[in-house]
2 protein chains.
Amino acid sequence: MQRSSEKPLTRIQKQNISAILEAALEVFSVNGFRGSTLDQIACAAGISKPNLLYYFNSKQAIHVALLSELLDAWLYPLRDMNPNGDAKDELMNYVRRKLDLSRNFPRESRLFANEIVQGAPRIDTFLKGDLKNLVDEKAKVISGWMDKGLIARFDPHHLIFSIWALTQHYADFEAQTSLIMGKDSDKIYDDASIFLEAIFEKILA
Amino acid sequence: MQRSSEKPLTRIQKQNISAILEAALEVFSVNGFRGSTLDQIACAAGISKPNLLYYFNSKQAIHVALLSELLDAWLYPLRDMNPNGDAKDELMNYVRRKLDLSRNFPRESRLFANEIVQGAPRIDTFLKGDLKNLVDEKAKVISGWMDKGLIARFDPHHLIFSIWALTQHYADFEAQTSLIMGKDSDKIYDDASIFLEAIFEKILA
DNA sequence: ATCAATCTTGACTGATTGGTCAACTGTGTT
DNA sequence: AACACAGTTGACCAATCAGTCAAGATTGAT
């Protein structure tokens, strides 16, 4: 089956493809690409391995499909930052939305983290293309806000990186934080939300 | 060969073991545990695979040896934080030392990150044992500083997490930051150092 | 020089895994 | 009912990989 064709999907196709992607996300985000097997994914999706390969031609094809789905959602909150909005509100809102993304989609965050930690072999064109452009653009916006004295002056790129680092940490390193805190991650996110709100309030002031 | 015996190591043993660990660090930190092969490690170490297995009984044994080496170095800067020192200096110093660790030992940081992202299967006893104890102890120290009004009040655990997140990000996500900034990572670390210095100055005030 | 212990490796093995294929079944359209 | 096509799978294959083994090479103490 060629997933590139333009025919509308049948009921069974929709159902199986989404089951496969859900299963693959679960498996890839825990074991990484090389550490995951098609049998695991097929089993988790409730179908046979040949049937899985009927919908996706290769293991890589599944991985690519997952990553491209993810990258859109990933960019959205930053893209949505409004240059004409209130500087501090826009940034605080970005922090909140990014933390919500970690809370609600930790597997996606870990899938992405796995990919970057290992040198981003499959998404470097995305990183130095779409992502770089967007970040450069928003860094300029933030820099403009700093020029007007609406928020404190810092390197805007590193300010963006710090938001990423602080919010993703709770998803990517959840195993660590929850073992150290001895709490389930939902309560940790509640505290994290208060903490991040407070420090960014001070940073931006 | 049993690595548990107490005999002193020969010249050849020292040489080969350190070559193996160096090679394994390089390979594991890029490919993860399951993504790395003994052939890769043996080749990088300049020896044959059976010879590698003469020094370490299994792939896991190499991994465990690397991780335990790493965990000591990992704890050191936090353990070294002096309860009787100047609160702000001690914390700023911890940030600096942690960033230096990322700059000078990015492979170790990525090895650790790989392990945590995948749920910390092999080091959870360390996390909820030694690490938790140390973090709890230092959180109390920080909390004491906050009580005395020496630094601003926050959840001390999350303050520690934020230092980890911000400093490790530059090692673990180096692929991302260097592609977006279009600079080599050494220059990025110079800017990161200035940025982190500035924001923690504001956070702690 | 000898000899025992250490060190080294080519050639294997058994298990796992990504992917194929031919044959079979289910679906929906006429 | 009949038929074309979508969907499904057991059995298989070739490649890869962790780990073994027996035989040979090196080392260093005497």
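The chains referred to below are lettered A, B, ... by the order of the sequence lines, with proteins before strands, and numbering in each begins at 1.
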Closest to the 5' end of DNA chain D, once Arg11(B) and Lys49(B) are matched to their nearest nucleotides, is Lys49(B)

Could you state the [atom1]-[atom2] distance from [X] to [N], rounded to the nearest angstrom?
| X | N | atom1 | atom2 | answer |
| --- | --- | --- | --- | --- |
| Ile47(B) | dT6(C) | CD1 | C1' | 14 Å |
| Tyr55(A) | dT9(D) | OH | C1' | 12 Å |
| Ile20(A) | dG7(D) | CD1 | P | 11 Å |
| His63(B) | dA18(D) | NE2 | C1' | 15 Å |
| Arg34(A) | dT16(C) | CZ | P | 17 Å |
| Ile17(B) | dT8(C) | CD1 | C1' | 15 Å |

Out of [options], whichever nucleotide has its closest atom nearest the side chain of [X]:
| X | options | value |
| --- | --- | --- |
| Leu38(B) | dG18(C), dA18(D), dC17(D) | dA18(D) |
| Lys59(B) | dC21(D), dG19(D), dC21(C) | dG19(D) |
| Leu53(B) | dT8(C), dG19(D), dT9(D) | dG19(D) |

More than 12 heavy atoms of other groups within 6.0 Å of Lys14(B) NZ: no

Can you tell me if CZ on Phe195(B) sees more than 12 non-hydrogen neighbours from other groups inside 6.0 Å? yes

Should the ring pair Phe28(A) and His63(A) be called parallel, tilted or perpendicular, given that the plane angle runs from 0 to 90° and is split at 30 and 60?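 Because their plane-to-plane angle is over 60°, the rings of Phe28(A) and His63(A) count as perpendicular.
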
Can the ring centres of Tyr170(A) and His158(B) be said to be less than 6.0 Å apart?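 Aromatic pair counts; centres sit under 6.0 Å.
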
So, OP1 or OP2 of [N]: does either fall under 4.0 Å of a side-chain N or O from [X]?
| X | N | value |
| --- | --- | --- |
| Asn51(B) | dC7(C) | no |
| Thr37(B) | dT16(D) | no |
| Gln13(B) | dC7(C) | yes |
| Asn16(B) | dT8(C) | yes |
| Tyr54(B) | dT20(D) | no |

Please check if any side-chain donor atom of His157(A) sits under 3.5 Å from a side-chain acceptor atom of Asp136(A), or the reverse. yes

Applying side chain to side chain contact (heavy atoms under 4.5 Å, CB included), can you list everything that pairs with Asp86(B), at least two apart in sequence or on another chain? Lys88(B), Asp89(B)

From the options Ile116(A), Val64(A), Leu70(A), select the one residue that forms a side-chain contact (heavy atoms from CB on, under 4.5 Å) with Ile123(A).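 When side-chain contact (heavy atoms from CB on, under 4.5 Å) is applied between Ile123(A) and each of Ile116(A), Val64(A), Leu70(A), only Ile116(A) qualifies.
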
Five-pair end axes of the helix from dA1(C)-dT30(D) to dT30(C)-dA1(D), angle between them (10°):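 Nearest ten degrees gives 10° for this helix.
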
